[in-house]
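Structure record follows, encoded as structure tokens.
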Amino acid sequence: MSEPQPIHLSDYRPPAYRVTHTELTFDLDPAATRVKARLHLERHPEREAGELWLDGEALTLTSIAVDGQALAEDEYEVSADGLRIKRLPDACLLDTEVEIAPKDNTALAGLYQSGGMFCTQCEAEGFRRITYYPDRPDVMATFSTTVIGDAGREPVLLSNGNPVEKGELPNGRHFVTWDDPHPKPCYLFALVAGDLSKVEDAFTTMSGRHVTLQIWVEAENLDKTDHAMASLKRAMRWDEEAYGREYDLDLFMIVAVNDFNMGAMENKGLNIFNSAAVLTHPNTATDAAFQRVEGIVAHEYFHNWSGNRVTCRDWFQLSLKEGFTVFRDQTFSAEVNSAPVKRIEEVSFFRTAQFAEDAGPTAHPVRPDSYIEIGNFYTLTIYEKGAEIVRMLANLVGEETFRRGSDLYFSRFDGQAVTIEDFVACMAEVSGLDPTQFLRWYSQAGTPEIDAFGEYDYANGAYRLILRQRTPATPGQPDKQALHIPIRLGLVGTKSGRDLRLTLDGEDLGRDAVIHLREDEQEFLFTDVEEAPVPSLLRGFSAPVKLSFPYSREDLAFLMAHDSDGFNRWDAGQRLTLLALDDLIAAHRNGVEKVMDARVVEAFRVLLAENTDDKAVLAEMLSLPSEAYIAEQQPLVDVDAIFAARTFVKQSLAQELRDEFMAIYRANQSDAEYAPTPEQIGERALKNVALSYLISIEDEEAVALAQAQFEADHNMTDVRHALTLLVHSSRADLADPALRAFGQKWSHDPLVMDQWFSLQVTRPQSDALDRVRYLMEHPAFSLKNPNKVRALIGAFAGQNRVNFHRLDGEGYRLLADVVIELNRLNPEIAARIVTPLTRWQRFDEARQELMKSELERIRQEPLSPNVYEIVHKALA
Ligand code: B3K
Ligand code: ZN
């Protein structure tokens, strides 16, 4: 393979030809599917007549004709990545026929087989593996698709839009023709064929249109669709109310497939889902899975407007649809669940994973300037940081103005392929905001760091706040410019414990306000501050930045108890625990005896005594920062010291507050029938967090409770949590039989087996790596199934930090072996799973060398563009 070359945003040119309509016929066969395509082509008025470039990969061309005339061999050129037609009239019909082999498609991009069924994944560039086509999002066409299959093997034949014709054919074949009247880019094309069963429901839109809703699954999963269907209907109603967006076809379908590279795909009218992102049942799915399904169903549905009706001009604009749609699904989930806990979950994930990406060798702006393989850019930066930018915009202009901006965006650009500037310009137009500085958020990579200092002037009753921002250099971007950073804040009076009035430059801003940091350094002088305050900064995580302030531990304990902002109360607890952890990490490294900070114990005692309604928030407040987040705060990551320090804090809290934790566990134990309601989810979270503490000291009573919780078999959340605690404890006498029983009971259910794999390979004991190797031979495991790879290899490398980073390098070797094999089978997954190795800069020299030598070993292979790009950046 030759060296892959980067593609640059600055090289964007509009397409020479438009496709006004696309007609496709699939004659399905696992080894030799024939695809006929008829493209109605029209030259773009501003472009010169002449050549046409069609993308195509792994296709065997069997015929090609223009306006019914077969092309002579010298009239076109076929290469490994496409087909060039040298001369074309201004308007014409192009007919091609190709052959493809879905059963050999292990990359799961294009048309492939999952189990016995045919399905597609076209975003970003999979359609070119189906037929020759201008595979770029700014070519939007209506589609008419005929699918021909075997009536016995593929009784169900689906594609985008509405079914318009069906019939029998000779030799046991049959066909269905689908019509999609909405112009779309080919990345939204979908086809599904197989032996599927459906559940059906209906929705009446705000203008009275009747929509049939279908979820298609394998027959044995028919009892796992209720939650997805209910979520879909909630999302449809919510998008009407919150954004005025109505569904636009008579039919909306969701299909569950087992082999899928990511969560789900928003194909027009035919969303295809990873079965893990759609199927739920109280006995098989945890609360987290229920919430994930709700969020993803909503996300894909919301794409119908933010992505499908208005799409991206080119793939550099990916965050235009992804950042906005994540913001939309986050807002939806916050409104239908507990909003503070949603925000805490989002931010703790973001600060761990996106911050790490931003600090690593693959850091990139939310709108990248170049890429080698777009499949590598479905990142936390594009999705989550993109969503944070939209959230900042929404907060800057206010809710009502944001709605006017989004209405303008959807109406002005309906049916078009547009840019991030187009979106921001709509928001600027309705609000009067000058977008110039704000747009830097899209072009500048890296996490901005803010150093804050504050001083109370007793004599004048004034509080002076100084903020300094800098964004560290990232690959290709050594110098950064100042960003426009909205900072929501309050000043909490140390006597009253209440938010004080904020007067800035003579203006009364209320007790909770947003100030705007635009310069490298800025001073804010608050006057008429009647008592000494502790500042509560960056409330609600009002900007995706790292903010440091020289808080004392007393300040943090005070904010934990008094901050009116729930998010910052939680964050104060995290900061306080992190300070204590810092001391303990140092003690561990220096071989000094570890001593628990009594202030942390007292702060937790206060929390546990509190009578709170929001149990989910309390559960979050009681949760220690993850090893990954602690690592994020360290200049050099010492996985063993972090693990030891965190375990010490957990055990100390458990010892000191044993009775309190036990009381919480008992008070929240319930036999009520399972429901994924915010109240029940909060109750289970709180109870299970208490049990985790108690098990950490192997409290006999707690061990018995965990075992009873496992055996009671009430719901998967409780069962899985109890089993995980047992397996991660040193009580092999209890863990081994439980693990065996669980594995046998669920051997038929791939999604439960994924959980069974993950919870074993994340155990801290030193046999974890051997278990991974052993489980890779398990009949339920397959490298060809992305869910299995994530459950076993991804969980081990991403979550079992002490074992993955073993000093003998065996963890790294195992991951590199898997990457090398996956590079051949499924490059997209290979390029994702390699991530932990690319973060070598964060570790000690010995580990750096080990990690780099594994990356080098991978680099010696003939690499897919996906893995090539990541590994080369990691070693640059
Ligand atoms: N748009 C898809 C992601 C496609 C990824 C392709 N490699 C799912 C989503 O974001 O909704
Ligand atoms: Zn999306």
Side-chain angles (χ1 to χ4, degrees), residues 57 105 107-112 119-130 135-137 160 184-190 228 231-232 235 239 254-257 259-274 276-278 292-312 314-333 366 368 371-387 390 417 423 786 790 822 826-833 835 864-867 869-870:
E57 268 172 32
N105 182 348
L108 313 186
L111 177 66
Y112 65 94
C119 61
T120 53
Q121 171 54 36
C122 294
E123 188 178 358
E125 298 180 332
F127 194 72
R128 62 187 61 185
R129 298 164 61 92
I130 292 176
D135 188 1
R136 43 188 290 170
N160 315 85
K184 66 167 180 287
C186 63
Y187 83 83
L188 291 171
F189 171 80
S231 302
L232 174 61
D239 212 18
I254 287 178
V255 183
V257 307
D259 302 278
F260 206 67
N261 280 351
M262 41 322 134
M265 179 63 212
E266 69 265 25
N267 316 299
K268 184 78 188 190
L270 177 56
N271 287 1
I272 300 184
F273 272 63
N274 185 326
V278 62
R292 191 167 108 92
V293 165
E294 178 179 66
I296 298 183
V297 167
H299 178 99
E300 305 311 332
Y301 174 73
F302 296 156
H303 267 315
N304 190 52
W305 276 95
S306 49
N308 301 5
R309 292 283 291 246
V310 182
T311 196
C312 302
D314 53 73
W315 291 120
F316 297 99
Q317 320 296 329
L318 180 56
S319 195
L320 171 73
K321 74 176 177 80
E322 294 307 345
F324 186 24
T325 305
V326 171
F327 172 69
R328 277 152 57 67
D329 85 57
Q330 287 178 345
T331 318
F332 165 76
S333 291
V366 171
Y371 58 75
I372 288 180
E373 169 52 59
I374 186 60
N376 288 336
F377 282 75
Y378 288 77
T379 60
L380 296 158
T381 300
I382 303 288
Y383 275 66
E384 319 297 327
K385 188 172 178 181
V390 176
F423 177 77
R790 284 184 278 258
L822 277 173
N826 187 332
E828 196 173 319
I829 298 297
R832 259 173 200 275
I833 206 97
T835 306
S864 60
N866 309 59
V867 177
E869 178 169 38
I870 302 292

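Remember, it's 1-based here, ligands and their atoms both numbered in the order they're listed. Remember, predicted model here, so these are calculated numbers, not experimental data. We're numbering straight along the sequence, starting at 1.
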**Request:** Indicate, as side chain, backbone, both or neither, the part of A109 found under 4.0 angstrom from ligand 1 when only non-hydrogen atoms are considered.
**Result:** neither

**Request:** Would you confirm whether the ring centroid of F302 sits within less than 6.0 angstrom of the ring centroid of F332?
**Result:**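 Centroid separation for F332 and F302: below 6.0 Å.
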
**Asked** What do you reckon, are the aromatic ring centroids of W315 and Y187 less than 6.0 Å apart?
**Response** yes

**Asked** Does one side chain, of H299 or E322, offer a donor that lies under 3.5 Å from an acceptor on the other?
**Response**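 Side chains of H299 and E322: pair found under 3.5 Å.
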
**Residues N376 and E373: side-chain donor-acceptor under 3.5 angstrom** = no

**Prompt:** Is there a nitrogen or oxygen of Y383 sitting under 3.5 Å from a nitrogen or oxygen of ligand 1?
**Reply:** yes

**Message:** Does any N or O of ligand 1 fall below 3.5 Å from an N or O anywhere on E300, backbone included?
**Reply:** yes

**Request:** Please test F273 against F260 for ring pair (Phe, Tyr, Trp, His ring centres under 6.0 Å), starting from the C-alpha separation and ending with a verdict.
**Result:** CA-CA 8 Å; F273 272 63; F260 206 67; 8.2 Å; no

For ligand 1, which atoms sit closer than 4.0 Å to a heavy atom of [X]?
X: H303; answer: 9 (C), 10 (O), 11 (O)
X: M265; answer: 1 (N), 2 (C)
X: E322; answer: 1 (N), 9 (C), 10 (O)
X: E266; answer: 1 (N), 2 (C), 8 (C), 9 (C), 11 (O)
X: K321; answer: 1 (N)
X: E828; answer: 7 (N)

**Message:** Which residue and atom name correspond to the protein heavy atom nearest atom 6 (C) of ligand 1, and how close is it?
**Reply:**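 Going by distance alone, atom 6 (C) of ligand 1 is nearest to E123 O, 3.1 Å.
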
**Request:** Among all protein heavy atoms, pick out the one at the shortest distance from atom 8 (C) of ligand 1; state its residue, atom name and that distance to 0.1 Å.
**Result:**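 Checked against all protein heavy atoms, atom 8 (C) of ligand 1 sits closest to A264 O, 2.9 Å.
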
**side chain to side chain donor-acceptor pair (under 3.5 Å) between N267 and N160, intermediate numbers included** = CA-CA 7 Å; N267 316 299; N160 315 85; 5.6 Å; no

**Request:** Output yes if E322 passes the N/O/S-under-2.8 Å test against the Zn ion (ligand 2); output no otherwise.
**Result:** yes

**Message:** Less than 4.0 angstrom from a charged side-chain N to a carboxylate O is my criterion; do E125 and R136 meet it?
**Reply:**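 Not counted as a salt bridge, because no side-chain N and carboxylate O are separated by less than 4.0 Å.
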
**Asked** At what distance, to the nearest 0.5 angstrom, does NZ of K321 lie from CZ of R328?
**Response**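 Answer rounded to 0.5 Å: 12.5 Å.
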
